[in-house]
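Working notes for the structure below.
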Amino acid sequence: MIVCVAVVGHQNNPLYIQSFTEADDALKLHHIVHCSLDVVDERVNNPKRSGPMLNETFLGLLYPIENYKVYGYLTNTKVKFILVTTDLDVKDADVRNFFRRFHAAYVDAVSNPFHVPGKKITSKTFAERVSTIVKSFGFSSAG
């Protein structure tokens, strides 16, 4: 189950963070997302040691902690997507599919002429699309 998704700007500023658990966990999940940025930077700046190809946007499993697994995705514009899940046996194909759909929703949101680049994403349509994508996570639908 996905417990948190985040969009982080190229200057590590949070553009969108949504948690899907009780309010008690929100601060903890924000901290997990913030800590994952160090791992993303390490993978991007040291590609020889960390694995993925330079042109690969899916960063894979960033790190597992306690009851969570944290996955990352880096767009061509250096915007980072972070996914925190409680599923400990998640398939990479499902995570890749999630990020592909999430990226499409993000592109639609920032393509809005009223959206100011670099500012928080406040679109209700984007939030609804994210909720739909999160609910369908783990199912094989390519929607």
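A quick note: this is a predicted structure, and the numbers were derived from the prediction, not measured.
In terms of heavy atoms, N112 sits closest to F114 at OD1-N, 2.8 Å. Between F20 and S131 the shortest heavy-atom distance is CE2-OG, 4.0 Å. In plain terms, the two heavy atoms of I133 and A105 that are nearest each other are CD1-CB, 4.2 Å. The minimum heavy-atom distance between Y63 and C35, with the atom names listed, is OH-CB, 3.6 Å. Taking each heavy atom of N67 and L88 in turn, the nearest pair found is O-CD2, 4.1 Å. Across every non-hydrogen atom of L62 and V39, the tightest pair is O-CG1, 3.6 Å.
Under the 4.5 Å side-chain criterion, counting only non-hydrogen atoms from C-beta, D25 is not in contact with V3. Side-chain contact between V130 and Y16 is present, with heavy atoms from C-beta onward closer than 4.5 Å. Looking at T86 and I2, their side chains never come closer than 4.5 Å, going by heavy atoms from C-beta outward. Between V8 and V79 the shortest side-chain heavy-atom distance does not fall below 4.5 Å. Between K69 and L61, some side-chain heavy-atom pair lies under the 4.5 Å cut-off. Inter-residue side-chain proximity for F126 and D108 is flagged as unmet; no heavy-atom pair is nearer than 4.5 Å.
Atom CG of residue N97 and atom CG of residue D92 lie 12.0 Å apart, to the nearest 0.5 angstrom. Here the straight-line distance linking atom CD of Q11 with atom CG of N13 works out to 6.0 Å at 0.5 Å rounding. Rounding to the nearest 0.5 Å gives a distance of 6.0 Å between OG1 of T75 and OH of Y106. With rounding to the nearest 0.5 Å, the separation of NE2 in H115 from CD1 in I121 is 5.5 Å. To the nearest 0.5 Å, atoms OH (Y73) and CZ (F81) are separated by 6.5 Å. Here the CG atom belonging to N45 is positioned 9.0 Å from the CD atom belonging to E42, to the nearest 0.5 angstrom.
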* To do: Let me see the working for F98 and H103 under side-chain contact (heavy atoms from CB on, under 4.5 Å), right down to the final yes or no.
  => CA-CA 8 Å; F98 169 82; H103 193 179; over 6 Å; no

* Does the pair L37 and K80 meet the rule for a side-chain contact (heavy atoms from CB on, under 4.5 Å), with working shown? -> CA-CA 8 Å; L37 298 177; K80 302 154 198 81; 3.7 Å; yes

* Just do the side-chain contact (heavy atoms from CB on, under 4.5 Å) check on V5 and I82 with the steps written out, would you? => CA-CA 6 Å; V5 294; I82 306 296; over 6 Å; no

* In sequence, state the C-alpha distance, the side-chain angles, and the governing distance for F58 and V95, and then conclude on side-chain contact (heavy atoms from CB on, under 4.5 Å). => CA-CA 9 Å; F58 177 63; V95 177; 3.4 Å; yes

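For the side-chain contact (heavy atoms from CB on, under 4.5 Å) criterion with V33, the lone passing option out of S19, C4, P14 is C4.
The main-chain N or O of D87 is found under 3.5 Å from a side-chain atom of T85 such that the two form a donor-acceptor pair.
Summarising the local packing, NE2 of H30 is surrounded by more than 12 heavy atoms from other residues, nucleotides or ligands at distances under 6.0 Å.
Hydrophobic clustering keeps I17 apart from I65 (ILVMFWY residues linked when any side-chain heavy atoms are closer than 4.5 Å, directly or through intermediates).
Between the side chains of S136 and R101, a donor-acceptor pair is found at a separation under 3.5 Å.
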